[in-house]
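The next block holds one structure in the form of structure tokens; read it before the comments.
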2 protein chains.
Amino acid sequence: MKKRITLKHIASEFDVSIATVSKALNDSYEISVKTKEKIQQYAKKHNYTPNSVALSLLNKKTKTIGVIIPNIMNNFFAKVFMGIEQKAADKGYTLISCISNESHEKELKTMELLKNGTLDGFILSLAEETQAKADYQHIKNTINEGVPMVMFDRVTDAIECDKVIVDDFEGARNATNHLIHTGCKRIALISVIDNLSVGKLRAKGYEQALNENNIEIDSKLIVKIAKNEDFETAMKIVLADKSIDGLLCLEESSAVQSLELVKRMGYKIPNELSIICFTNGKLPQYVSPKITTVSQHGKYIGETAAEMLINRLEGEGDTPFETKVIKTSLIERESTKPLH
Amino acid sequence: MKKRITLKHIASEFDVSIATVSKALNDSYEISVKTKEKIQQYAKKHNYTPNSVALSLLNKKTKTIGVIIPNIMNNFFAKVFMGIEQKAADKGYTLISCISNESHEKELKTMELLKNGTLDGFILSLAEETQAKADYQHIKNTINEGVPMVMFDRVTDAIECDKVIVDDFEGARNATNHLIHTGCKRIALISVIDNLSVGKLRAKGYEQALNENNIEIDSKLIVKIAKNEDFETAMKIVLADKSIDGLLCLEESSAVQSLELVKRMGYKIPNELSIICFTNGKLPQYVSPKITTVSQHGKYIGETAAEMLINRLEGEGDTPFETKVIKTSLIERESTKPLH
DNA sequence: TTGAAAGCGCTAACAT
DNA sequence: ATGTTAGCGCTTTCAA
């Protein structure tokens, strides 16, 4: 086990100065070909690589991006993460990642820990708890200290920075319209994420679609189920209303669980009851019938966020903040009737 | 937007030396209470935090762990990642993460890029391509350069280092035995991961169980399906053999897809056909009937790996390499018959 | 063509 | 109680 060597080692090996070695390895015109050759050869032979920490200190940049993800088990976030990772690797950036686990404290602690020179900028999506508390002081502070930031998906108007968001309103409106146009009259909205900004936006899109089609909004059909409630019990109560013929589920697990439930209750899908959900993961594709979903293009969102941040890091500065809105797509499968 | 301040700024502010400020902020007994107070107060007011890059350079450690994961969309790896993340955060370590995306080249490039002082050690699971090629030179090199490493799940005997592995052999043996003990006579093994070390181990466990029960191994029941083949077509051919009454799927997607297929074919599950699969994600739990799975305890594996690495980083050194084997658990659900 | 020196931000041993 | 110096590994003027 040989330890890594430094310029100093090489310098003493050839009885030259450290500066000479540095220049030789950077192929400077100041150094004679002969010296360059022998030094480069020696360096290669001993696997010399410059210490990146020293370079970071010198250049005052680390080529590192901090990523804070609320929950990596969530298919959408995993996809976003992939997108960020790929684009970053592509542009020569490294990722420091943290899973906030929806905790405000973890999010805050991580920011505090990492903003001290370890990284050039942040990409993050707010923890559920942070959105619930609406406490963004830690984020404002880091921005104030000059650390660039891109927020995605779970964002807030309280903070000014670059953002990439899903067109949740439009996505829900489209999905609801699709249900209506395929003949659904009584569409229930199933939300287990009403405390999230995106949950609220999707609910608004649903209401908008109903309005546009002159369907009265029935508050009994707007079902908000908390994390601590038993989902199945709650759904059974909702489904006591036999007139319901469409479900718009705001994320995938509730859709899959609902599907299994209504199948057991004897509903024919999609004829007697149609289902659409957000989050286009494996779950909706592998169940039977396959569930029609709203795709949020997670990977693309990640790529976009990474690109925005890197542009800001490498750009002139002074460009105004931007919010990019990514359109959703409806992926039709078997849980909705054909439009024709 | 105020830039971050340094010791130097504070020193000039009070006309003292940088060393005095450093000591004051570290609450050294050498500094008078008065000076300490005013310096600390000023530092707090201006959000002084030490530059961690400078500290890393000084201490020659970064408190950072590099994590290389083959695929973050895989439920097992996502869980492992969570485990690593939690344990690391707990111990004050930060994670630099990379998704190799099963590519040998990406894995190699990342190691090259990161081993230059950016991190104290690696935790990784081999990319599929790396295992297929059996080309481990990059890993051997980094270990030789003195970078500590813990491998998990997809490991190889060709490399000596700390390892955390799943007892895949035993898990498959147990699962197969469970199928046998609940009355299955003709159990097919469905593998879409035969190029992975863990796939091979599981297949051996299956064979061992058959041997123990004096059931002859029928090579027609050992089904290896490549990524580029159409899974459903391949399975239909297998299932032409109506005597098959049990499936051991080596990961979750093939199980869920098989389940939907056999349901369509009219099989009663579990009575006419029982199914068990590896990888205890959401998929097997949300389909109907729920699939009995072998849990690999991903999160615990992550925690263990992180702990092993940190112990090595902070320990005396010279402790011999260790391989920890984590037992699997069989989670009985509806796709297998009761044992009794 | 090569080297000396300064500096990135910080700590620690050693003066004063 | 405070300051000086050296050094972590590197690059970059500037001088020789």
Side-chain angles (χ1 to χ4, degrees), chain A residues 3-40 42-43 46-64 113-120 145-147, chain B residues 2-40 42-43 46-64 114-120 145-147:
Chain A
K3 271 279 154 207
R4 306 186 46 242
I5 65 170
T6 67
L7 293 189
K8 207 171 164 183
H9 296 21
I10 306 185
S12 77
E13 180 73 18
F14 292 103
D15 262 322
V16 293
S17 76
I18 295 176
T20 304
V21 179
S22 169
K23 288 174 188 165
L25 292 177
N26 290 315
D27 223 359
S28 160
Y29 64 97
E30 294 177 67
I31 305 296
S32 75
V33 178
K34 227 187 263 174
T35 338
K36 277 202 279 195
E37 268 177 1
K38 68 179 184 192
I39 288 181
Q40 285 171 4
Y42 183 90
H46 292 76
N47 302 305
Y48 170 79
T49 46
N51 180 317
S52 48
V53 175
L55 288 177
S56 292
L57 183 58
L58 200 58
N59 301 325
K60 301 228 216 171
K61 43 180 149 170
T62 58
K63 289 277 233 170
T64 298
L113 181 68
L114 293 180
K115 68 183 185 190
N116 315 145
T118 335
L119 42 81
D120 298 346
E145 285 167 37
V147 184
Chain B
K2 331 130 205 177
K3 273 279 154 209
R4 308 186 44 240
I5 65 171
T6 66
L7 292 189
K8 207 170 164 185
H9 294 24
I10 305 183
S12 78
E13 178 75 19
F14 293 103
D15 263 320
V16 292
S17 76
I18 294 178
T20 306
V21 178
S22 170
K23 288 174 190 163
L25 291 176
N26 289 314
D27 223 0
S28 158
Y29 65 97
E30 294 178 68
I31 306 297
S32 76
V33 178
K34 228 188 258 174
T35 336
K36 276 201 280 195
E37 267 177 1
K38 69 181 183 192
I39 289 181
Q40 285 172 5
Y42 182 91
H46 293 77
N47 302 306
Y48 169 79
T49 45
N51 180 318
S52 48
V53 175
L55 288 177
S56 292
L57 182 58
L58 198 59
N59 301 326
K60 301 226 216 172
K61 45 181 151 166
T62 58
K63 288 278 232 171
T64 298
L114 294 180
K115 69 184 183 188
N116 315 142
T118 334
L119 42 80
D120 298 344
E145 285 168 37
V147 184

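Labels below follow one simple rule: chain letters A, B, ... track the order of the sequence lines, proteins then strands, and each chain is numbered from 1.
- Atom CG in A/Asn59 sits roughly 17 Å away from atom P in D/dG9 (whole-Å rounding).
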May I have the step-by-step check of side chain to side chain contact (heavy atoms under 4.5 Å, CB included) for B/Ile5 and B/Tyr42, ending in yes or no?
CA-CA 11 Å; B/Ile5 65 171; B/Tyr42 182 91; 4.2 Å; yes
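- Residue-level contact check: A/Val16 touches the backbone only, with heavy atoms under 4.0 Å from sugar-phosphate atoms and none from bases.
- Taking a 6.0 Å sphere around NZ of B/Lys38, one finds it holds more than 12 heavy atoms contributed by other residues, nucleotides or ligands.
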Go through B/Ile10 and B/Ile39 one step at a time and tell me if the side chain to side chain contact (heavy atoms under 4.5 Å, CB included) criterion holds.
CA-CA 7 Å; B/Ile10 305 183; B/Ile39 289 181; 4.1 Å; yes
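- A/Phe14 comes within contact range of no nucleotide atom at all, as no heavy-atom separation falls under 4.0 Å.
- Proximity of a side-chain donor or acceptor of B/Lys8 to a complementary backbone N or O of B/Ile18 within less than 3.5 Å is not detected.
- The nearest pair of heavy atoms linking A/Ser52 to B/Thr118 is OG-OG1, 3.0 Å.
- Looking at heavy-atom distances under 4.0 Å, A/Leu58 makes contact with a base.
- Rounded to a whole Å, the CG atom of B/Leu57 is 17 Å from the P atom of C/dG7.
- Nearest-nucleotide positions on DNA chain C for B/Arg4 and A/Ala19 put A/Ala19 closer to the 5' end.
- Note on the helix from C/dT1-D/dA16 to C/dT16-D/dA1: terminal axis deviation equals 60°, with five pairs used at each end and the result rounded to 10°.
- An OP1 or OP2 oxygen of D/dC8 is reached within less than 4.0 angstrom by a side-chain nitrogen or oxygen of A/Lys8.
- Residues from residues 25-37 of chain B that place a heavy atom under 4.0 Å from any atom of DNA chain D, listed by number: B/Tyr29, B/Glu30, B/Ile31, B/Ser32, B/Thr35.
- As rounded to whole Å, 8 Å separates atom P of D/dT2 from atom CD1 of B/Ile39.
- Using modelled atom types, no side-chain atom of A/Asn59 and backbone atom of A/Lys61 make a donor-acceptor pair closer than 3.5 Å.
- Scanning for side-chain contact (heavy atoms from CB on, under 4.5 Å) contacts around A/Lys60 gives an empty result, with sequence neighbours left out.
- Checking the phosphate oxygens (OP1, OP2) of C/dT11, a side-chain nitrogen or oxygen of B/Ser22 falls inside 4.0 Å.
- We find that NE2 of B/His9 is positioned 11 Å from C1' of C/dG9, with the value rounded to whole Å.
- If B/Lys60 and B/Ile18 are placed on DNA chain D by their nearest nucleotide, the residue sitting closer to the 5' end is B/Ile18.
- Put simply, A/Thr20 has a side-chain N or O that comes within less than 4.0 Å of OP1 or OP2 on C/dG3.
- A distance-only check finds no donor-acceptor pair linking the side chain of B/Arg4 to the backbone of A/Glu145 [under 3.5 Å].
- Residues A/Lys23 and A/Ile5 both approach DNA chain D. Their nearest nucleotides, taken by heavy-atom distance, put A/Ile5 toward the 5′ side.
- Across the protein-nucleic acid pair, B/Leu7 atom CG and D/dT2 atom C1' stand 15 Å apart, rounded to whole Å.
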